[in-house]
Amino acid sequence: MNKFYITTPIYYVNANPHIGHTYTTVAADVLARFHRLIGDKTFFLTGTDEHGAKIEEWARDAGLKPQEFVDRVSAKFQFIWNELNISNDRFIRTTESEHMRAVQNALEFMYKKGDIYKGEYEGLYCRGCEQFKTERDLIDGLCPDHKVAPELMKEECYMFKMSKYRDEILKKIEKDEFKILPAERKNEISSFYKNEKLEDVSFSRKNVKWGIPLPWDETHTTYVWADAFLNYLTGLGWTGPEDKNGSWREYWPADVHLMSKDILRVHATIWPAMLLSLGLGLPRELFIHGFFLVDGQKMSKSLGNVISPEDLMNRYGVDGTRYLLMSATPFGHDGDIGWNKFDEKYNADLANGIGNLVARSITLAEKASLIKGDRGDLTQNSKIPEAEQARYGAGKTQNHNLKFKTEIEQSWKTYQENLLELKIDSAIDVINKRIKFLDGYITEMKPWEMIKNSNENTGEVMYNVLESLRHVALMLWPFMPETAEKIYESLGLDMGKEMAEDKKFEDAIEWGGLSFETKIKKGGVLFPRIF
RNA sequence: CGCGGGGUAGAGCAGUUGGCAGCUCGCCAGGCCCAUAACCUGGAGGCCGCCGGUUCAAAUCCGGCCCCCGCAACCA
């Protein structure tokens, strides 16, 4: 059995969850669910990053203690992931004492090893803020809060000897032992390594109280990135470099660290250097997805075009939101979104596509039973018509059976290939092609007419449709778990049983899995059309 | 010559290893009546940013130019 360990970045709690966080997290969830579906031993980690000067400030502004503040914001993340059916195995917070202890153990190890040494940090310091500022913090070269030009100042700090690991990391990147995808992102990073000097990085701060104290010098706290990165290990239960055989070993190294491009650089430099210093393996892959533009413009509060996850869920529901985020743009590139586009796609793919197909199929199946005079409550619990006949493919239509079988097999193959390569949008295309095909098949075969004429092949045609629907639902499950379950229910099946431990994926995706004894059940409208 | 990405039908985008230019929405014309004003079929609409080169063959490979966008590290 393969293992699959996927992470999102841990989100900095200076802001509430926004669409970018949501996008990364839903994508990770889709991939995690897919790997569970195919039987991999899967671990999906997300969480919140809760230390640093910014948090102190925000807490002060909110009139709260830092811990109260981070508790509050972290809870919002957890709440919304729960709403969105995110199936993370663990939610890590960097203020958890186990995490903090492990970070101290790690830094102590690196310090003793000589990879962390005393140095100086030089930067622009604002006396008013009692803080170092970056160029980007400044407005016209002035501190935005105090309207004063910060002065160049030096401060004692502990430095991490990142430069030492430069060659080894670059080699691993080039050889794809440490993959960076998509390819253009790998180019970006390797040319960065080649063209710029990899300098040592400051790993501690003196004036930041809200952080993890260095074990050997408590006047310093740990630089937030050093603290944050280790979550990928502590989230698995790793307690420090002494922890050689904990259960974290079953999952490390991570298979995919999913993130957006703003944090690629640090993930491709500081993090692998830390791992090498700690004597641990590098993650197999960093996958970088793009940013959203809204109607061609950057999303920003000042433009007033911010689309929040709550807005999306209110309009499209949980599954609609998950689907739209995943299908709106090619995964791995920037993409343009907007309410018009979302409405359009929702109606086309969800209301008119899968929603309508399920509705017409189930109704036809019911009618087929009604005409045949089958027993049972005909409107609520019709039996799948003429199922035995379908199994053996009697009659003129039997070549359809074969065609369905091979085409479904092909679809599964492509679907899996795409998701293994993180081509999320392409996997969705596979599903939508099946849906289109089924709509065409129904129109062509005219089962409503067959029913009227008591055509002996009605059962077979309907079986082909319903069994195809079962496969579509299964493929849909990573993207829209609730919808998949509803479709299963309509087919008289139980998604829970399908996902049970003893069930083999290979069996589930075989053509003909729909039992002839099952009862179909008409459900409600899956995706009401938006006008 | 800082790094990287993009310019393909009215809009938004796909086009792996060069081999008839595709998808969704919109538009037009038919069909169907099972279904969520849905679904199916056909059609109109493109000098694939510009110029040159390689090739039997270029959206795709090479060179040059124009325009747009992101990133330029201790900012999470």
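A quick note: this is a predicted structure, and the numbers were derived from the prediction, not measured. Each chain gets a letter, A, B and so on, in the order the sequences are listed, and its residues count up from 1.
- B:rA59 sits 10 Å from B:rG18 when the C1' atoms are compared, rounded to a whole Å.
- Of the possible donor and acceptor atoms, one in the side chain of A:Ser204 sits under 3.5 Å from a partner among the backbone N and O of A:Tyr158.
- Using a 4.0 Å heavy-atom criterion, one finds that A:Ala228 contacts no nucleic acid atom at all.
- Listed pair A:Lys54 / B:rA76 meets the phosphate criterion, a side-chain N or O lying under 4.0 Å from OP1 or OP2.
- Nucleic acid contact class of A:Phe531 (heavy atoms, under 4.0 Å, all strands): none.
- The distance between atom CG of A:Asp262 and atom C1' of B:rA76, rounded to the nearest whole Å, is 9 Å.
- At B:rA73, none of the side-chain N or O atoms of A:Lys197 fall inside 4.0 Å of OP1 or OP2 (strictly under the cut-off).
- A donor atom on one side chain and an acceptor atom on the other are not found under 3.5 Å apart for A:Asn88 and A:Thr46.
- B:rG26 and B:rA11 have their C1' atoms separated by 8 Å, with the value rounded to a whole Å.
- The C1' atoms of B:rC1 and B:rG49 are separated by 23 Å, rounded to the nearest whole Å.
- Between A:Asn347 and B:rU36 there is no side-chain N or O to OP1 or OP2 distance below 4.0 Å.
- Between A:Lys413 and A:Glu417 a salt bridge is recorded (basic side-chain N to carboxylate O distance below 4.0 Å).
- Note on A:Asn352: only backbone sugar-phosphate atoms sit closer than 4.0 angstrom, heavy atoms only; bases stay farther off.
- Rounded to whole Å, atom C1' of B:rA73 lies 12 Å from atom CD of A:Glu188.
- Going from atom CD1 of A:Ile189 over to atom C1' of B:rG4 covers 10 Å, rounded to whole Å.
- If you check the side chains of A:Lys522 and A:Thr363, you find a donor sitting under 3.5 Å from an acceptor.
- For A:Arg185, no side-chain nitrogen or oxygen approaches OP1 or OP2 of B:rG70 to under 4.0 Å.
- The residue A:Leu526 sits close to a base: some heavy atom pair falls under 4.0 Å.
- A straight line from CD of A:Glu344 to C1' of B:rC27 spans 13 Å, rounded to a whole angstrom.
- Counting only heavy atoms from C-beta on, A:Lys261 has its side chain closest to B:rG70 among B:rC40, B:rG70, B:rA73.
- Distance A:Leu364 CG to B:rC32 P: 17 Å, rounded to the nearest Å.
- With hydrogens and angles left out, the side-chain atoms of A:Thr25 and A:Tyr11 include a donor and acceptor closer than 3.5 Å.
- Within 4.0 Å (heavy atoms only), A:Thr363 reaches sugar-phosphate atoms of the nucleic acid but no base atom.
- Listed nucleotides: B:rG4, B:rC39, B:rC34. Nearest to the side chain of A:Trp448: B:rC34.
- Aromatic ring orientation, A:Phe287 versus A:Phe331: parallel (interplanar angle below 30°, classes split at 30° and 60°).
- For the C1' atom pair drawn from B:rG7 and B:rA57, the interatomic distance equals 25 Å after rounding to whole Å.
- In this structure, of B:rA76, B:rG5, B:rA73, it is B:rA73 that holds the atom nearest to the side chain of A:Arg265.
- For A:Thr443, counting side-chain heavy atoms from C-beta on, the closest listed nucleotide (B:rU24, B:rC40, B:rA73) is B:rC40.
- The nearest whole Å value for the distance from the CG atom in A:Asn432 to the P atom in B:rC39 is 12 Å.
- Between B:rG12, B:rC39, B:rC75, one nucleotide has an atom nearer to the side chain of A:Arg205 than all others, and that is B:rC75.
- With a cut-off of 3.5 Å on both pairing distances, the Watson-Crick or G-U wobble partner of B:rC71 is B:rG2.
- Nearest to the side-chain atoms of A:Tyr12 among the listed nucleotides B:rC34, B:rA76, B:rC74 stands B:rA76.
- The interatomic distance linking A:Arg360 (CZ) with B:rA37 (P) rounds to 13 Å, in whole Å.
- The A:Ile263 side chain lies nearest to B:rA76 when the options are B:rA76, B:rC32, B:rC39.
- B:rC69 sits 24 Å from B:rA9 when the C1' atoms are compared, rounded to a whole Å.
- The nearest whole Å value for the distance from the CG atom in A:Leu198 to the C1' atom in B:rA73 is 9 Å.
- One C1' atom belongs to B:rG5, the other to B:rA72, and the distance between them is 15 Å to the nearest Å.
- Comparing the same atom, P, in B:rG19 and in B:rC61 gives a spacing of 11 Å after rounding to whole Å.
- Listed candidates were B:rC3, B:rU36, B:rC13. Nearest to the side chain of A:Ser191 is B:rC3.
- For B:rU8 and B:rC71, the P atoms lie 23 Å apart once the distance is rounded to whole Å.
- Between the side chain of A:Thr7 and the main chain of A:Leu45, no donor-acceptor pair closer than 3.5 Å is present.
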